[in-house]
Amino acid sequence: MHRRLIAPGALAASLLLAIPASAADYTAGAPGIGDPYYPAYGNGGYDVSHYDLRLTYQPATDELEGTATLLATTTQDLSRFDLDFLLDVSEVRVNGAKASFTTSGQHELEITPATPLPKGTPVTVVVRYSGVPSTKSAYGFSTWHRTPDGAVAADEPESAWWWYPSNDHPSDKATYDVSVAVPDGTQAISNGTLQSTSSRLGWTRYNWRSNKPQATYLTTLAIGRFDITTGKTSDGVPVVNAYSKDLGDNDGAARASVERTGEIVDWLTGYFGPYPFSSVGGYVPNTTTGYALETQTRVYYSPRQFASGSNTSVVVHELAHQWYGDDVSLAGWKDIWINEGFARYAQWLWSEHEGEGTTQELADYTYASHPADDAFWTVKPGDPGPDNQFDAAVYDRGALAIQALRDEIGDDAFFTVLKGWPKEHPYGNASVGDFRAYAERVSGRSLASLFDTWLFQPSKPAEPAARGAKPGAALSGARVAKGLPARPRSWKKIAATDSVHSG
């Protein structure tokens with residue numbers, strides 16, 4: 001045991017620190033968590049560890065009632081704090097006592113507890129609320145999607161405001177219990193595992209649990225009439241998939257794609273390591289949106305993803321996010337490359353697995369497809385800005401950067417990095433800089449120039465990531481333009497997922 005001697009002056013200072021702060025020392029938590037892309041998103045002054053959501057929803061009228069219980073810890077001497085929320089609040093309690101509240105800005109719920117909260121204090125916040133989510137909007141849009149038999153909450157970079165109060169930024173991850181009562185014959189689907197169901201007086205309650213930290217935008221809710229299938233991966237991870245009963249002509253293609261979830265997870269573990277969560281699956285509601293989203297453990301797919309037939313490539317993309325984006329989440333929204341570049345590269349790996357074009361052939365074709373004056377090269381995947389956060393260049397130029405990294409450090413180090421990254425920051429957050437430092441440590445190489453060239457310069461790199469592919473069995477016979485490598489057969493399928501995060 002080591003003992004530390006404390007000088008008299010230091011002892012006096014420590015005793016002063018132990019004296020409670022005066023009321024004047026307590027300050028309000030910031031109305032934004034500090035993300036430069038979205039200054040008003042998230043909040044300062046506290047960190048949430050768990051959300052308990054107990055909801056009742058009526059599909060016919062879109063009426064939602066709820067009680068949200070948040071377990072948090074203060075990170076400053078706190079006089080007041082905000083939650084991000086849009087519905088109508090009837091009561092707020094903080095550590096059991098009634099708190100006053102008001103609203104401000106586009107989506108701020110301002111809460112003033114009866115007594116100030118010292119830094120490091122465990123806090124229980126209870127919010128009772130109700131409303132019709134489809135009537136609410138912020139910044140001119142809504143992320144609550146009505147369906148013929150219910151509704152869906154799934155969007156990025158925000159969706160929580162329409163159905164539960166939160167600290168809405170990926171840097172404040174938490175575990176979840178989501179309990180939803182709906183009329184008999186309707187189902188409620190959320191993340192994680194279904195713990196139990198119960199029925200009473202014409203209502204059925206579904207209780208879902210996410211037992212690993214989860215970003216707010218990765219939390220989903222789907223209410224409607226679904227056909228639910230179950231299974232397991234080879235490693236025994238439960239698979240839960242759901243399909244709206246009115247998908248029409250898209251039903252077969254959706255099932256032919258999403259039912260391969262277990263197979264694709266098994267395949268991805270070979271590259272990314274063990275699957276990080278307690279369940280996996282996806283759902284396809286009858287929505288008019290066009291995107292898919294990597295909602296944690298339960299991927300959201302629009303029916304439009306399957307309008308031209310089966311699409312395993314989009315399933316690969318969203319499941320790859322379970323490691324790159326969900327397990328290891330971005331530190332700030334500018335770090336989106338870690339999510340989208342690697343999910344796109346997983347599609348390239350799947351193309352090679354399926355014999356439809358190697359990663360190198362896809363890199364060659366991508367590089368050659370965009371001349372130097374193409375606006376594609378002005379988007380910087382390492383910091384694209386909020387307007388270009390989901391630009392195709394973040395995906396494709398982002399994947400080119402990964403192929404360039406592979407060429408630079410060699411396959412042994414590259415695949416060690418690919419599998420080791422989720423272990424480096426499990427259930428946490430990390431930045432592009434963190435990833436570069438990790439790749440440098442594993443490879444023993446300085447990668448500053450490579451990362452700057454491929455991720456941060458608004459121009460086409462002088463040297464291609466590729467080594468010059470030649471037409472082969474996996475390539476289409478015709479060249480689409482003089483001097484352009486033949487197009488890999490998988491290109492059309494992969495390009496069809498460019499809109500996975502746009503409406």
Quiz item: Between CG of Leu293 and OG of Ser159, what distance do you get to the nearest 0.5 Å?
Solution: 7.5 Å
Self-check item: Worked check of side chain to side chain donor-acceptor pair (under 3.5 Å) between Asp168 and Thr216
Solution: CA-CA 6 Å; Asp168 193 26; Thr216 44; 2.5 Å; yes
Practice problem: Output yes when a side-chain donor or acceptor of Gln403 lies under 3.5 Å from a complementary backbone atom of Ala363, and no otherwise. | Solution: no
Quiz item: Should Asp47 and Lys173 count as an ion pair when the cut-off is N to O under 4.0 Å?
Solution: no
Quiz prompt | Check: Tyr129 ring centroid to Phe85 ring centroid under 6.0 Å | solution = yes
Quiz item: Checking side chain to side chain donor-acceptor pair (under 3.5 Å) for the pair Thr61/Glu63: CA distance, chi angles, key distance, verdict?
Solution: CA-CA 5 Å; Thr61 59; Glu63 292 176 283; 2.7 Å; yes
Self-check item: Main-chain N/O of Ala393 paired to Asp391 side chain as donor or acceptor, under 3.5 Å
Solution: yes
Quiz item: What pairs of residues pass the ring-ring contact (aromatic ring centres under 6.0 Å, His included) test when at least one of them lies in residues 248-267, not counting sequence neighbours?
Solution: Trp267-Tyr271, Trp267-Trp350, Trp267-His353
Quiz item: Rounded to the nearest 0.5 Å, what separation is found between the CD atom of Glu356 and the OG atom of Ser351?
Solution: 6.0 Å
Quiz prompt | Heavy-atom donor-acceptor pair, Tyr176 side chain to Gly192 backbone, under 3.5 Å | solution = no
Quiz item: Say you draw a straight line from OG1 of Thr193 to CG of Asn211; how long is it, rounded to the nearest 0.5 Å?
Solution: 6.5 Å
Self-check item: Test side chain to side chain donor-acceptor pair (under 3.5 Å) applied to Glu156 and Tyr300, step by step
Solution: CA-CA 11 Å; Glu156 183 181 15; Tyr300 163 80; over 6 Å; no
Quiz item: Is any NZ, NE, NH1 or NH2 atom of the basic residue among Asp327 and Lys212 found under 4.0 Å from an Asp or Glu carboxylate oxygen of the other?
Solution: no
Practice problem: Mark yes when over 12 heavy atoms from residues, nucleotides or ligands other than Asp184 sit less than 6.0 Å from its CG; otherwise mark no. | Solution: yes
Self-check item: Worked check of side chain to side chain contact (heavy atoms under 4.5 Å, CB included) between Leu83 and Phe101
Solution: CA-CA 10 Å; Leu83 293 171; Phe101 60 90; over 6 Å; no
Self-check item: Spacing of CZ belonging to Phe376 relative to OG1 belonging to Thr366, to within rounding of 0.5 Å
Solution: 7.0 Å
Quiz item: Could you go step by step and tell me if His317 and Tyr395 meet the ring pair (Phe, Tyr, Trp, His ring centres under 6.0 Å) rule?
Solution: CA-CA 11 Å; His317 183 103; Tyr395 297 70; 5.8 Å; yes
Quiz item: Should the pair Lys419 and Phe272 be classed as cation-pi, given the thresholds of under 6.0 Å to the six-membered ring centre and 45° from the axis?
Solution: no
Quiz item: Under 3.5 Å, is there a donor-acceptor pair between the side chain of Arg298 and the main chain of Thr220?
Solution: no
Quiz item: Given Asp62 and Lys136, is the salt bridge (Lys or Arg N to Asp or Glu O under 4.0 Å) satisfied, shown in steps?
Solution: CA-CA 12 Å; Asp62 195 40; Lys136 303 294 184 178; over 6 Å; no
Quiz prompt | Donor-acceptor pair, side chain of Asn311 and main chain of Val314, under 3.5 angstrom | solution = yes
Practice problem: Anything under 30° is parallel, anything over 60° is perpendicular, the rest tilted; go ahead and classify Tyr367 against Trp377. | Solution: perpendicular
Exercise. First locate atom OH of Tyr301, then atom OH of Tyr283, and finally report the distance between them rounded to the nearest 0.5 Å.
Key: 11.0 Å
Practice problem: Answer yes or no: are there more than 12 heavy-atom neighbours, outside Arg128 itself, under 6.0 Å from its atom CZ? | Solution: no
Quiz item: Between Asn207 and Ser179, do the side chains contain an N or O donor and an N or O acceptor separated by less than 3.5 Å?
Solution: yes
Quiz item: Say you draw a straight line from NE2 of His321 to OG1 of Thr295; how long is it, rounded to the nearest 0.5 Å?
Solution: 10.5 Å
Self-check item: ring-ring contact (aromatic ring centres under 6.0 Å, His included) pairs, two or more places apart, involving residues 207-247
Solution: Tyr217-Trp333
Practice problem: Classify the ring geometry between Tyr345 and Trp348 as parallel (under 30°), tilted (30 to 60°) or perpendicular (over 60°). | Solution: tilted
Practice problem: Kindly say whether the aromatic ring centers of Trp323 and Phe277 come within a distance under 6.0 Å. | Solution: no
Quiz item: Do NZ/NE/NH1/NH2 and the carboxylate oxygens of Arg209 and Asp177 come within less than 4.0 Å?
Solution: yes
Quiz item: Relative to each other, are the rings of Tyr365 and Trp491 parallel, tilted or perpendicular (30° and 60° limits)?
Solution: perpendicular
Quiz item: Taking the six-membered ring for Trp, are the ring centroids of Tyr164 and Tyr51 within less than 6.0 Å of each other?
Solution: yes
Self-check item: Ring centres under 6.0 angstrom apart (Phe390, Tyr291)
Solution: no
Quiz prompt | Residue among Phe141, Trp162, Tyr41 satisfying ring pair (Phe, Tyr, Trp, His ring centres under 6.0 Å) with His107 | solution = Tyr41
Quiz item: If only atom types and distance count, is the side chain of Arg225 paired as donor or acceptor with the main-chain N or O of Asp149 below 3.5 Å?
Solution: no
Quiz item: Would you say the side-chain atoms of Asn286 pair up with the backbone N or O of Thr147, donor to acceptor, closer than 3.5 Å?
Solution: no
Quiz item: How are the rings of Tyr438 and Phe435 set to each other: parallel, tilted or perpendicular (split at 30° and 60°)?
Solution: tilted
